[in-house]
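Order of listing sets the numbers, starting from 1, for every ligand and every atom in it.
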Amino acid sequence: MTIALSARDLRLSFGARKALDGLSLEAESGRVTALLGPNGAGKTTFIRCATALLTPESGELSVFGHAPGSNEARNLVGLMPQATGAWAAVTPSRLLGYLSRLYADPQPVDGMMALLDIDEFAGTPYRRLSGGQQQAVNLAGALIGRPALVFLDEPTAGLDPRARKTTWDLIRRVRDAGVAVLLTTHNMQEAEELSDHVAIVHKGRVRAHGRVGDLTRDTGSLEEAFLFHTEETS
Ligand SMILES: Nc1ncnc2c1ncn2[C@@H]1O[C@H](COP(=O)(O)OP(=O)(O)OP(=O)(O)O)[C@@H](O)[C@H]1O
């Protein structure tokens, strides 16, 4: 078992709002770890800390033993963010070509575009793409550098059933190749289908974690477990 990501007691506030309030979590190689939690629970903030876009005020965070943002960590990590407005005028083929050149051993761009049906709109500026097409480009960008740890922030939000299946199949393949996948989702079926490990986050902290079977033993379903562990008062 290889621990790809280790977080201990992370804290980060925005003004009076505690976005991370003692969050601890581990993610292993060759496993899909799903972060579930209500809107505003701190999931994206955590991903931003793990990818060095934000710095926690306190706590310990490491990526394969390296500090996030170090050269060692950067080369090992891929990120599919929720939104990437900065790429507005760039076409998918140029963007993925550019990203692939940042890595020593990238995936072939053509193969990645074919896999995710991006070739159909490879020459269209990113801002003109549909939400689902943008998602496909974001996913390709996260995987193009063959990361050992990849963060997928709501990878299937807004996707049609076929695109969702393509994404699920790809996530499984990546996981089976030994990559540590950490994803966020509001889709309980997705978490049940894909994840080896689930962490339920509420108010900046992991309230429960384990395999789906562990979490549903008392409550019956993942949705019930989610509701139980994210009660407003808890
Ligand atoms: N840059 C920021 N400035 C101020 N507040 C922020 C900032 N980033 C996040 N927050 C606040 O931190 C809290 C956690 O936000 P975060 O985006 O991490 O939630 P989330 O769990 O990813 O939610 P969602 O499921 O809606 O994507 C929210 O209350 C949010 O308003």
Side-chain angles (χ1 to χ4, degrees), residues 5-27 32-63 68-69 77-87 131-132 134-139 141-142 149-159 163-164 167-168 171 180-195 197-210 212 215 221-234:
L5 175 71
S6 173
R8 288 270 171 277
D9 203 18
L10 298 185
R11 292 174 194 275
L12 179 59
S13 295
F14 298 105
R17 159 72 65 174
K18 292 179 180 173
L20 300 180
D21 190 18
L23 188 143
S24 297
L25 181 76
E26 284 185 345
V32 175
T33 302
L35 279 190
L36 310 182
N39 296 127
K43 304 178 298 294
T44 298
T45 301
F46 170 65
I47 288 177
R48 289 186 179 139
C49 288
T51 51
L53 296 170
L54 287 171
T55 305
E57 285 149 7
S58 64
E60 293 168 23
L61 186 52
S62 71
V63 172
V77 167
L79 167 64
M80 176 185 180
Q82 268 182 38
T84 49
W87 297 343
Q134 291 185 351
Q135 291 279 82
V137 176
N138 297 346
L139 180 59
L149 164 64
V150 68
F151 295 92
L152 308 176
D153 203 353
E154 298 191 31
T156 62
L159 294 190
R164 186 168 60 231
T167 300
W168 285 5
I171 291 172
V181 179
L182 189 139
L183 60 83
T184 70
T185 182
H186 291 296
N187 180 333
M188 298 298 127
Q189 186 202 355
E190 174 163 285
E192 288 186 18
E193 294 257 350
L194 279 185
S195 53
H197 198 89
V198 172
I200 299 177
V201 181
H202 184 43
K203 295 186 177 173
R205 198 183 315 174
V206 173
R207 302 298 173 136
H209 67 93
V212 172
L215 290 173
S221 73
L222 199 51
E223 183 155 318
E224 287 300 326
F226 177 100
L227 293 172
F228 177 79
H229 291 292
T230 59
E231 294 271 11
E232 248 329 288
T233 50
S234 58

A.B. asks: Atom CE of M188 and atom CD of E224: how far apart are they, to the nearest 0.5 Å?
C.D. replies: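 Here the interatomic distance stands at 11.0 Å.
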A.B. asks: For the residue pair D9 and S24, what are the closest heavy atoms and their distance?
C.D. replies: N-OG, 2.8 Å
A.B. asks: So, using side chain to side chain contact (heavy atoms under 4.5 Å, CB included) as the criterion, who are the partners of T55 when residues are at least two apart?
C.D. replies: none
A.B. asks: Name all residues meeting the side chain to side chain donor-acceptor pair (under 3.5 Å) criterion together with R17; count only those two or more places apart in sequence or in a different chain, and write none if there are none.
C.D. replies: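 R17 satisfies side chain to side chain donor-acceptor pair (under 3.5 Å) with no other residue.
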A.B. asks: List, ordered by chain and residue number, the protein residues whose closest non-hydrogen atom lies under 4.0 Å from any atom of ligand 1.
C.D. replies: F14, R17, A19, P38, N39, G40, A41, G42, K43, T44, T45, Q82, E154, H186
A.B. asks: Mind checking side chain to side chain contact (heavy atoms under 4.5 Å, CB included) for A52 and listing every partner two or more places apart, or none if nothing turns up?
C.D. replies: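 Side chain to side chain contact (heavy atoms under 4.5 Å, CB included) check on A52 returns P68.
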A.B. asks: Of the non-hydrogen atoms in F226 and T230, which two are nearest, and what is the gap between them?
C.D. replies: O-OG1, 2.5 Å
